[in-house]
Amino acid sequence: MNNLYIKPLLLIVLFVSLSNSLLAQTATVIHPTTTVSNDGSITVSWTVGGLKRVVLNGVAQSNNLLSFTGLGVGGYTLLYQVPKGNSGNWKDSSAETVTLVAGALVDACVSSGNTDYDTSITLVDFNTINNDTSYDIPKSSGYNDYTSLSTDLMLGAAYDLSVNLNTDGNYKVYAVAWIDWNRDGDFNDSGETIPLGSSQDVTDGLTSGSPYSITVPSGAILGNSRMRVSAKWNFDPTSCETDFDGEVEDYSINVISNSSPTITSFSPANACSIPGQEVTITGTNLTGATTLEFNGVAATITTNTATQIKANLPVLATSGTISVTTPDGTVTSAQSFTVNPLPAEAGNITGTDIVLPGDTNSYVCASIADATSYEWTITGGDATITNNGTQADIDFAPDASPVDRFLTVKGVNACGDGAVSTTFTIYVRPNYACQTTVINWDFDSPDLNGLDWKGYSTVNGWSSSLNNIEIWRNGFLGFTTVDGGQFCELNSIGVNEMWQDMATVPGSKMRWEITYRYRSNSSESIRIMIGAVGSITNIVDISNNNGDGWVTHSGFYTVPAGQTTTQFRIATLTPSGSSGNLIDNIQFYSIEPDIEDPTFDCPLDSDGDGFVVTECVDATSLIVNNIGVTNITDNCTPTDNIVVEYRITNKPTPTSAEALLVNYGDDPAGAATSSDASAYDFPRGESTVTYKITDASGHEATCRFKIRISAKSKPVGIFHE
């Protein structure tokens with residue numbers, strides 16, 4: 001409601017809109033009961049029986065309890081209601097408007113100082129009154145009427161009063177203030193005297209009792225009252241004293257009703273902290289609410305009336321009280337509101353991030369606050385999750401493809417889902433024999449043979465810029481490796497680099513991995529470099545991201561065209577001394593199944609005549625030995641799994657029946673039992689033999705050669721006669 005300052009004191013009811021028929025048939029407004037009134041009340045007297053009620057500014061009185069008190073200056077609409085049948089509801093009947101205004105300010109006794117000296121009041125600061133008169137030297141009067149200056153004071157509220165004085169030299173001056181709370185024209189009643197202490201040897205100094213906290217008495221009469229401030233040399237002034245060394249100033253204060261908001265209830269009493277969750281707060285004097293907070297967290301107000309506020313519960317709110325602030329004050333609920341939170345955001349997942357097809361691995365997250373269950377998700381296929389709450393056991397299919405999988409977890413409760421964890425990437429590495437091309441990738445060679453550690457000038461497979469590589473045993477100084485063997489400290493005798501050159505196939509996509517941890521502090525770091533020998537490229541700088549534990553770091557590298565040798569290099573960045581940067585389990589392998597053909601040795605044409613075998617025989621055919629392929633190798637497929645096929649024909653353009661393609665060990669003629677074409681009984685003439693070698697990935701290699709079988713010529717005899 002508007003609390004307007006009007007200087008006159010007494011409250012009078014003015015009927016702005018009044019219906020004679022309404023008053024005659026239903027109710028009579030009895031106010032004032034005399035020609036004047038100062039109690040700030042409106043009372044309605046019914047002239048016709050029956051159940052009725054009045055709604056004032058949105059607040060309904062109980063049935064037939066029709067007195068509204070504690071009202072301030074302003075206009076009020078009285079809405080008359082009657083029962084709506086037997087429904088228990090009410091319907092509007094009629095309305096009228098009344099206005100409460102104020103009369104004249106009550107006079108008070110005369111009080112004034114003199115102008116013999118400049119002992120004076122230089123500042124009165126009280127709520128919205130801030131009257132600086134420090135310029136008035138020499139002072140112009142011993143009394144000043146500042147009742148045109150007024151401030152609103154609310155019943156029950158506290159305000160600070162500060163007064164500055166001019167002591168006119170090194171003298172002590174005392175100050176007292178009075179407020180006529182009951183507006184009876186004097187300052188003699190209890191609680192109306194305000195001691196402000198003293199000042200000494202100042203021209204504009206604060207009194208020792210300033211600021212003084214003044215609480216408006218609950219029994220103060222609404223409307224305008226007088227405040228008097230007096231300053232006197234050497235003694236406390238009295239409220240009606242005259243002709244003394246000092247000054248008196250009078251002001252007006254307007255006591256208004258306590259329109260501070262109240263909270264009577266809220267609904268629901270507990271709710272989920274999810275977007276859009278609405279809470280209704282019921283109370284009084286809620287109009288114009290500027291803020292609404294749930295345990296200190298601001299909410300968005302959607303509806304605001306005098307008796308009700310609707311707001312969306314902040315997602316970050318926690319259980320506690322509800323507070324509402326309006327232009328007339330702040331109220332905090334007596335009861336606590338219970339917030340049922342969503343589960344907290346899931347933390348990081350721990351577990352093995354590089355696995356093989358067919359593996360089963362466990363992954364763990366920390367307990368999630370407010371979660372009643374956990375939801376694990378993995379993308380990328382070929383993986384099955386067994387959910388065990390904070391642990392997920394994942395089975396990777398035996399034929400799982402070599403790509404990244406992305407694992408997340410979130411907490412769940414009756415209010416919904418919490419925020420998901422950081423994505424944990426799991427790489428399923430190829431399940432091929434050719435996957436590791438790094439020599440001594442786990443630093444298990446040479447064997448320490450019981451030593452805790454040892455520096456080596458050379459280590460199998462690795463070169464070093466310092467010609468020193470330090471190998472530690474598992475468990476030394478409490479450092480347990482991930483593979484249970486040995487590991488390397490890169491800072492052997494100072495800043496160090498180590499590298500290994502490996503044969504690579506141009507165009508192949510490689511996966512690199514390194515397991516790393518710092519030795520003594522988190523400032524340690526290394527750099528991974530990969531590239532052609534003499535043209536190395538910086539790939540990534542690594543520091544530990546898991547406290548003091550081992551972490552596997554990985555990435556991809558595509559071998560450029562023409563690069564048949566690739567160098568994998570690790571360099572120390574920090575520290576510069578000989579202590580730090582522990583590494584293990586270095587991998588560098590092709591993620592493709594196989595990009596290389598198998599190799600073998602084909603039978604040689606030893607004499608250069610175009611035929612591997614040239615034989616003359618008496619018979620019509622010949623079994624030729626030692627014409628099988630030898631030294632069969634492949635970078636991925638074991639020799640036992642390589643398929644060898646051959647084709648034999650004795651005509652340059654064989655018919656389909658003669659061009660037989662059979663598996664290794666089978667005889668195209670149906671007569672031989674040996675394991676290759678050597679078992680074939682070659683007929684006279686020229687035959688072509690073709691071998692085809694196929695590895696597990698379908699890559700092929702062939703060799704072709706010719707065999708010639710001819711008839712022996714009869715010997716020419718020499719006859720002598």
Side-chain angles (χ1 to χ4, degrees), residues 348-365 375-388 391-409 421-442 444 481-485 502-505 507-516 530 546 550-559 566 568 584-598 633-643 694-700:
N348 293 330
I349 299 171
T350 58
T352 302
D353 62 348
I354 301 175
V355 301
L356 286 169
D359 280 357
T360 297
N361 294 87
S362 296
Y363 297 86
V364 177
C365 70
E375 183 177 308
W376 293 84
T377 302
I378 189 168
T379 60
D382 302 329
T384 303
I385 295 179
T386 301
N387 188 341
N388 297 309
Q391 176 177 313
D393 297 327
I394 303 181
D395 296 319
F396 297 92
D399 58 348
S401 56
V403 296
D404 285 326
R405 270 73 176 173
F406 303 105
L407 180 66
T408 57
V409 64
S421 64
T422 301
T423 300
F424 186 85
T425 302
I426 304 170
Y427 181 72
V428 180
R429 67 168 51 164
N431 193 11
Y432 312 121
C434 57
Q435 66 184 20
T436 301
T437 58
V438 178
I439 298 173
N440 198 19
W441 56 274
D442 55 2
D444 283 349
T481 66
V482 293
D483 69 347
M502 290 162 278
T504 51
V505 178
S508 60
K509 187 174 183 180
M510 310 293 289
R511 171 91 171 187
W512 63 265
E513 301 165 10
I514 182 170
T515 303
Y516 170 82
I530 305 175
N546 190 33
W550 290 95
V551 177
T552 299
H553 302 265
S554 61
F556 296 97
Y557 176 82
T558 299
V559 180
T566 299
F568 188 95
D584 200 2
N585 288 352
I586 300 172
Q587 303 282 335
F588 188 62
Y589 54 86
S590 170
I591 67 169
E592 298 162 293
D594 190 1
I595 62 172
E596 298 183 49
D597 295 330
T633 61
D634 187 69
N635 65 316
C636 290
T637 307
T639 303
D640 292 344
N641 295 331
I642 292 178
V643 176
T694 306
D695 65 15
S697 299
H699 295 289
E700 299 177 352

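Both backbone and side-chain heavy atoms feed into the values below; hydrogens, waters and symmetry mates do not.
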Legend entry - Evaluation steps, salt bridge (Lys or Arg N to Asp or Glu O under 4.0 Å), between Arg511 and Asp404: CA-CA 11 Å; Arg511 171 91 171 187; Asp404 285 326; 3.7 Å; yes

Inset, instruction - State, yes or no, whether a side-chain contact exists between Met502 and Thr566 at a heavy-atom distance under 4.5 Å. - result: no

Inset, instruction - Please report the C-alpha distance between Asn361 and Ile394 in whole Å, then the side-chain angles of each, then the deciding distance to 0.1 Å, and finally whether the side chain to side chain contact (heavy atoms under 4.5 Å, CB included) criterion is met. - result: CA-CA 5 Å; Asn361 294 87; Ile394 303 181; 5.7 Å; no

Inset, instruction - Any chance you could measure Thr422, atom OG1, to Leu407, atom CG, to the nearest 0.5 Å? - result: 11.5 Å

Inset, instruction - Would you give the length of the straight line joining atom CZ of Phe588 to atom OH of Tyr557, rounded to the nearest 0.5 angstrom? - result: 6.5 Å

Inset, instruction - Just do the side chain to side chain contact (heavy atoms under 4.5 Å, CB included) check on Asp584 and Asp442 with the steps written out, would you? - result: CA-CA 6 Å; Asp584 200 2; Asp442 55 2; 4.2 Å; yes

Legend entry - Ile530 vs Trp512 side-chain heavy atoms within contact, under 4.5 Å: yes

Legend entry - Interatomic distance, Ile642 atom CD1 to Asp695 atom CG [nearest 0.5 angstrom]: 6.5 Å

Legend entry - Candidates Asp382, Thr379, Thr425 - the one meeting side chain to side chain contact (heavy atoms under 4.5 Å, CB included) with Arg405: Asp382

Inset, instruction - For Thr515, enumerate each residue passing the side-chain contact (heavy atoms from CB on, under 4.5 Å) test, keeping only those at least two apart in sequence or located in another chain. - result: Val482, Trp550, Thr552, Asn585

Inset, instruction - Can you see which heavy atom on Thr694 is nearest to which on Glu700, and at what distance? - result: OG1-CG, 3.7 Å

Legend entry - Sub-4.5 Å side-chain heavy-atom contact between Tyr363 and Thr350: no

Legend entry - Min side-chain heavy-atom separation Phe424-Asp353 under 4.5 Å: yes

Legend entry - Heavy-atom side-chain proximity of Pro357 to Asp399 below 4.5 angstrom: no

Inset, instruction - For side chain to side chain contact (heavy atoms under 4.5 Å, CB included), just list the numbers for Ile586 and Phe568, CA-CA rounded to whole Å, side-chain angles, deciding distance to a tenth of an Å, and then say yes or no. - result: CA-CA 10 Å; Ile586 300 172; Phe568 188 95; 3.6 Å; yes

Inset, instruction - Look up atom OG1 in Thr558 and atom CE in Met510, then write down how far apart they are to the nearest 0.5 Å. - result: 10.0 Å

Legend entry - side-chain contact (heavy atoms from CB on, under 4.5 Å) against Ser362, all qualifying residues, sequence neighbours excluded: Gln391, Asp393

Inset, instruction - Work out which heavy atom in Asn440 is nearest to a heavy atom in Asp444; give both atom names and the distance. - result: OD1-N, 3.2 Å

Legend entry - Nearest-0.5 Å distance, OG of residue Ser421 to CG of residue Asn348: 7.5 Å

Legend entry - Separation of Ile349 CD1 from Ile426 CD1 (nearest 0.5 Å): 8.0 Å

